[in-house]
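This report refers to the structure that appears directly beneath it.
Sequence lines set the chain letters: A, B, ... in the order given, protein chains first and strands last, and positions in each chain run from 1.
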Amino acid sequence: MNEKSKIMSPAEAVKEFIKDGQIIASGGFTITRKSYAIYYEMLRQGIKGIKLCHVTPGGPDELLAAGGCLAGITGCYVGDELVQVIHPFCSRQIKSGNIWHEDYSHYSMILRFKAAAMGVPFLPTHSQIGTDLINPAYDVEGKMGLRGKDERFPLAKFHVMKDPFWPEHQNICLLPALSPDVTIIHAQLAGEKGTARIMGALGGDVEEAYAGKKVILTCDELVTEDYMARDPNANQIPHHIIDAIVPVPYACHPVSSYMNYDYDTNFLREFHTAMGDDSKRDKWLDEWVYKIKDHWHYLEKLGSKRLSSLKANPAYAYNPDNDRSAYMNK
Amino acid sequence: MNEKSKIMSPAEAVKEFIKDGQIIASGGFTITRKSYAIYYEMLRQGIKGIKLCHVTPGGPDELLAAGGCLAGITGCYVGDELVQVIHPFCSRQIKSGNIWHEDYSHYSMILRFKAAAMGVPFLPTHSQIGTDLINPAYDVEGKMGLRGKDERFPLAKFHVMKDPFWPEHQNICLLPALSPDVTIIHAQLAGEKGTARIMGALGGDVEEAYAGKKVILTCDELVTEDYMARDPNANQIPHHIIDAIVPVPYACHPVSSYMNYDYDTNFLREFHTAMGDDSKRDKWLDEWVYKIKDHWHYLEKLGSKRLSSLKANPAYAYNPDNDRSAYMNK
Amino acid sequence: MAEQYYTVPEMVAVETSKFVKDGMVIFVGIGLGLLTASLAVKTHAPRATILMEGGTVDSRFAHLPFSVCEPRSAYGCTVTTGLFDILGYNAGGSHADMAILGAAQVDQYGNLNSTMGPRQSGDPFDILHPGWRATGSGGANDAASGLPFVVNIVHQDRRFPKIVDYLTSPGWMVKVFENGNVKWVPRREAGLIRGGPDAIVTTQCVMKFDEKTKIAFLAEYFPGTNPVEIKKTIGWDIDISRAVQSEPPSREVIDILRNEVDPDKVLLGGLKK
Amino acid sequence: MAEQYYTVPEMVAVETSKFVKDGMVIFVGIGLGLLTASLAVKTHAPRATILMEGGTVDSRFAHLPFSVCEPRSAYGCTVTTGLFDILGYNAGGSHADMAILGAAQVDQYGNLNSTMGPRQSGDPFDILHPGWRATGSGGANDAASGLPFVVNIVHQDRRFPKIVDYLTSPGWMVKVFENGNVKWVPRREAGLIRGGPDAIVTTQCVMKFDEKTKIAFLAEYFPGTNPVEIKKTIGWDIDISRAVQSEPPSREVIDILRNEVDPDKVLLGGLKK
């Protein structure tokens, strides 16, 4: 068996694995480890009708919405944290009904991916009980006609049952598995076969990766599998579940990669401002996405001075001198 | 609030946390990371009526059975691996009905602990379906009269239900949570508040620790929490779930602690032989348990030459020259 | 009244931090929760342990983070793991003592709405066309489902309806759905066997919950506010008979807050009154 | 017949290793499974990935382990994690291609018994007083529930009943329990949506499963054995009409097995014929 290399560019990874109408899981966590290099490329390749899902959202939701790639979002949050920055375009599209948003709690989302990863149809939780997150009247995917037709969507948003094991027989909420067509994650290190090492907090990436039918992994450094094997306890994701390895520097710019680079708040502020302003949005997308040839062109446009200013200091895992004033309303 | 130190000797840990009739979870995996120092002490303190449970068994089952500490075992296996070494005394006690054994699959056991760790009454799996592991006629804890009286035991061994989320509505098996009164685990490194770093394969220890109402942690080295914080990705268990820290060298002898010491096959062979032989068993227990004052005495009896011969070589994480002939029937 | 030596956000942080006892394990969300927990650790609760849902345990921030999973949020932590361990094992499995949560709305039973509602509170609500959207509940639902919690919220009329327009985190009386009907039941009866709201700290006051009715009453009002004015802004007939004026924070604690907890004004600068 | 240059355990290892294709992800249990997978990796399947339930991925043993979770089992591996990831995500979630499992008994449908039974096969069985005990199923049930699998078993009469005395790993026809009754149904119908037995490799022969009946038939018999004698040891009316004699292993593969895979005779020495 001749093993094909999984190593490819962002454009190749999108071309090979991402199709219109797919369910795509976005790894990372708001301003950390979001593979922007892949999402920019999805806009350039004109991908349509994506159902985005994630344990934790971030700027790519806003980007994909603005690029016309999105049909809907299944998740728990619409924003970038940054002291409660809501995505202005995305939330407006949700209010107008142009993009549907199915609402779950944060933990519920990781349970949905974990169920898929485990190959079981559901996992149980006390979360969501007593709230409108399990109000049958608010079943958005149901209202969108997705249930009972498309095998990727369960027959119900949730199922409340009685615990059969203890005499109180308390209510417990079952959440259906969610197996995305493609999961996109970022790791600091990857072996040449795809073994991945995530540094810093893991968020929901391991669960999302195991849940995905295909997995695209961007990484800061590509190393030998032998190097990865020197510290196997530090690696979380085995190579056999990875389909594409995309080793590009600053794959997550404008957000951070623990230990390697910090987020770019000035860029993020411009991005958020442009997304909320009809007169600026298309111009921003032209300038930073559509008129950009590829990731190398993007990095060149950012310039080495800007990128250097984001470089992480190893004592902190971020740049302690990073200019964060764009989100500090002094 | 004056924080009491959790650091104590094996005798203090057993005296403070282990009581007759408890459900005890034993961490580690057959010949790796089993906290023998604690189990020896349970025999010396004459603990009775223990219901032992584990993701993975090992010699402590045999030891506790021989010491008269055990009422029953809930698990998937009765042995030490070592090319299929079954525990001779334990299995004879099971055949004679003196010790009950509730049978689950390996994964089912970790799911039971994981459910308790998550605070939910059950977790689902396809495991056990179609087999006698879910034959209602073989519900051992039920036959022992433990269900419906003691809150620690669920009303049923398992519960099969139809998946409510996909049109095929396939059968899935729910397994009840298992929250031990005390979990006993071993880590190579512990911080002085209890943060734990396990090196090598983790088995089911993280789940067992989170599931336990109390947790006793033996460790090879006690270090500062600041030292643990230098590589937080390498640590799995947070200090706030640990109740006792027992830092003693060779806490797991005669079994191994990855990176620190190898297993002692000659000791294990003598142990297994004595356990299977009515004329030798009590003598062995006297010599290696009851006439031993404490763990330091045990180590002294073993002698520094024997212990040195088990020391792990860092290039292998075990001793490549370890004499393993006792289990190689050439 | 003399010029105050502290700001409203500072008062909120100090009042909230009082709920953090030494040795507690605290789940914190972004924003005030994080500020409050940091203040507690640097003042009266040095042995409190901070959990954040990105996957960190016991962080000791050198710079206040913008996110619960950014590189700054892991500084000094003793364990980095994932969201499952924090929300599943620690919040769900009750290995934490309390949570500090924000919200867009809070009602008489301490139910939160972090997500959306109709254009006007109380109007019919179309889930496919929400009148307003906030960021969403994130892990606040999960923490509130398993842990005792304290709510931080900006004091504005529309934020205190009698019943939240869309319930995202469960308080003391919650919704169950049966055959197309909505029933209000105590949280324990619905299946929430642990936790519940302890207090609401607004930018003007502290509310606590009556032992019997489980309805929020006015426990404290900040210096410069008064119970009668506060009552006008609350959507239920709030009991103000037990209200006392809060002690102003000590100059010492304000100095720690300004100079040690948030010298860059990451959070103190950004909070509205 | 000339003196054999290979032993029976070696023949079993070679025959079993043929089921491992290059690039496969293989779940292995202790004993022969481990020996077999190692042999495959060192011969025709260098890119196969070995999973062990202690929590290791892609180990490259320097010394054959005694346990699936001892220090030797992690040598050279690329990921060390826990049992949950291996049995849950990889076996349960179908991120592996096959399993190699041992057993005390195997029946016509490839059901395994790894654990216990009455004193005499077929006798009534008292779970509180089993007539015999083996170690138990460990992860074999879990692997067999989710993956295609090959069984290794010593060839002895009592090991091949028509129906296993106690069913621990599911084959093609399995038990479901309804209102006190036992019903035999195809594994898919019981809820086992993946996997199933591909072959049984004994110390004398290879059995495979008929496409239609899902009953094991004799596919190969090892040099020095014959189908008629084998049939006498099998508890069901086994079809031997399709049986062919196995190719003896090449001297080259035996050399690799002896000199590279298990030079210390950790497993080759300990196996009974």
Side-chain angles (χ1 to χ4, degrees), chain A residues 29-32 55-56 75-79 81-84 86 91 94-97 100 103 105-107 110 114 125-138 140 143 170-172 200-207 256 258-259 262-263 312 316-318 320 324 327-330, chain C residues 30-31 52-56 62-63 66-75 80-84 87-88 91-92 111 115 127-139 141-142 145-146 166-170 174-177 180 182 187 190-194 264-267 269-270:
Chain A
F29 200 113
T30 62
I31 51 173
T32 295
V55 173
T56 313
C76 69
Y77 196 87
V78 178
E81 294 188 287
L82 289 165
V83 197
Q84 306 292 341
I86 190 166
S91 59
I94 291 166
K95 286 189 279 185
S96 69
W100 53 262
D103 197 21
S105 79
H106 212 174
Y107 182 57
I110 204 169
K114 202 173 185 87
T125 178
H126 289 104
S127 284
Q128 306 197 145
I129 285 176
T131 76
D132 281 320
L133 296 171
I134 57 168
N135 188 333
Y138 297 156
V140 169
K143 287 176 186 288
Q170 276 143 345
N171 281 335
I172 190 92
L202 306 175
D205 285 28
V206 177
E207 289 84 353
S256 60
Y258 183 87
M259 206 51 100
D262 212 334
Y263 40 72
Y316 291 93
Y318 54 87
R324 301 200 292 158
Y327 288 94
M328 302 193 300
N329 309 305
K330 285 182 198 180
Chain C
I30 199 63
M52 280 181 292
E53 66 206 89
T56 50
H63 301 81
F66 277 154
S67 146
V68 292
C69 191
E70 67 131 305
R72 282 158 194 79
S73 65
Y75 190 83
T80 359
T81 176
L83 189 133
F84 179 82
L87 289 179
N111 294 308
T115 307
I127 188 84
L128 297 180
H129 297 85
W132 60 271
R133 270 287 322 199
T135 48
S137 68
N141 168 272
D142 309 300
S145 298
Y166 177 81
L167 202 173
T168 61
S169 290
V174 301
K175 290 182 178 180
V176 295
F177 308 95
V182 178
R187 65 182 278 137
L192 296 162
I193 55 178
R194 292 177 280 261
D264 299 331
K265 289 197 190 300
V266 171
L267 293 166

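- The closest side-chain heavy-atom distance from A:Tyr318 to A:Tyr263 is not below 4.5 Å.
- Here A:Asn135 is the residue among A:Asn135, A:Leu82, A:Leu133, A:Ile31 with the most heavy-atom pairs under 4.5 Å with chain C.
- Interface remark: C:Tyr166 contributes backbone and side-chain atoms alike to the contact with chain A (heavy atom separation under 4.5 Å).
- Of the atoms belonging to C:Ala91, not a single heavy atom falls under 4.5 Å from chain A.
- A donor-acceptor pair shorter than 3.5 Å cannot be found between the side chains of C:Arg72 and A:Tyr258.
- For the pair C:Leu83/A:Leu202, no side-chain contact is recorded, criterion being any heavy-atom separation below 4.5 Å from C-beta on.
- Contact tally against chain C (heavy-atom pairs below 4.5 Å) for A:Asp103, A:Asp132, A:Ile172: the top residue is A:Asp132.
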Might you work through the side-chain contact (heavy atoms from CB on, under 4.5 Å) test for C:Arg133 and A:Ile86, ending with a clear yes or no? CA-CA 9 Å; C:Arg133 270 287 322 199; A:Ile86 190 166; 4.2 Å; yes
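- Contact of C:Ser169 with chain A is made through the backbone alone, with heavy-atom distances under 4.5 Å.
- Using a 4.5 Å heavy-atom threshold, the side chains of A:Val140 and C:Leu128 count as touching.
- Looking only at heavy-atom pairs under 4.5 Å with chain A, the residue among C:Leu192, C:Ile30, C:Thr115 that has the most is C:Leu192.
- Between chain A and the residues C:Ala62, C:Gly138, C:Gly88, C:Gly131, the largest count of heavy-atom pairs under 4.5 Å involves C:Gly138.
- With chain A as the partner, the residue from C:Phe177, C:Trp132, C:Tyr75 showing the most heavy-atom pairs under 4.5 Å is C:Phe177.
- The residue among C:Thr168, C:Val176, C:Asn111, C:Val182 with the most heavy atom pairs within less than 4.5 Å of chain A is C:Thr168.
- Defined by atom type and a distance below 3.5 Å, a donor-acceptor pair is present between the side-chain atoms of A:Ser105 and C:Asp142.
- Of the listed residues (C:Ser137, C:Ser145, C:Gly55, C:Pro71), the one with the most heavy-atom contacts under 4.5 Å to chain A is C:Pro71.
- Your options are A:Met259, A:Gln170, A:His126, and the one with the most heavy-atom pairs under 4.5 Å with chain C is A:His126.
- Among the candidates A:Gly203, A:Gly97, A:Gly79, the residue making the largest number of heavy-atom pairs closer than 4.5 Å to chain C is A:Gly203.
- Not less than 6.0 angstrom separates the ring centroid of C:Phe84 from the ring centroid of A:His106.
- With A:Glu81 as the fixed residue, the side chain to side chain donor-acceptor pair (under 3.5 Å) test singles out one of A:Thr32, A:Thr56, A:Thr30: A:Thr30.
- A donor-acceptor pair shorter than 3.5 Å cannot be found between the side chains of C:His63 and A:Tyr316.
- Between C:Glu53 and A:Phe29 there is a side-chain heavy-atom pair separated by less than 4.5 Å.
- For A:Ser96, the part lying near chain C is the backbone, with the side chain staying farther off; criterion is any non-hydrogen pair under 4.5 Å.
- Considering only heavy-atom pairs separated by less than 4.5 Å from chain A, the leading option among C:Leu87, C:Thr135, C:Val174 is C:Thr135.
- With a 4.5 angstrom heavy-atom cutoff, A:Ile110 touches chain C only via side-chain atoms.
- Ranked by non-hydrogen atom pairs under 4.5 Å with chain C, the options A:Ala137, A:Gly75, A:Pro320 are led by A:Pro320.
- The part of A:Asp262 that comes within reach of chain C is its side chain, from C-beta onward, which places non-hydrogen atoms under 4.5 angstrom from that chain.
- In this structure, C:Asn141 contributes its side chain and A:Gln128 its backbone to a donor-acceptor pair below 3.5 Å.
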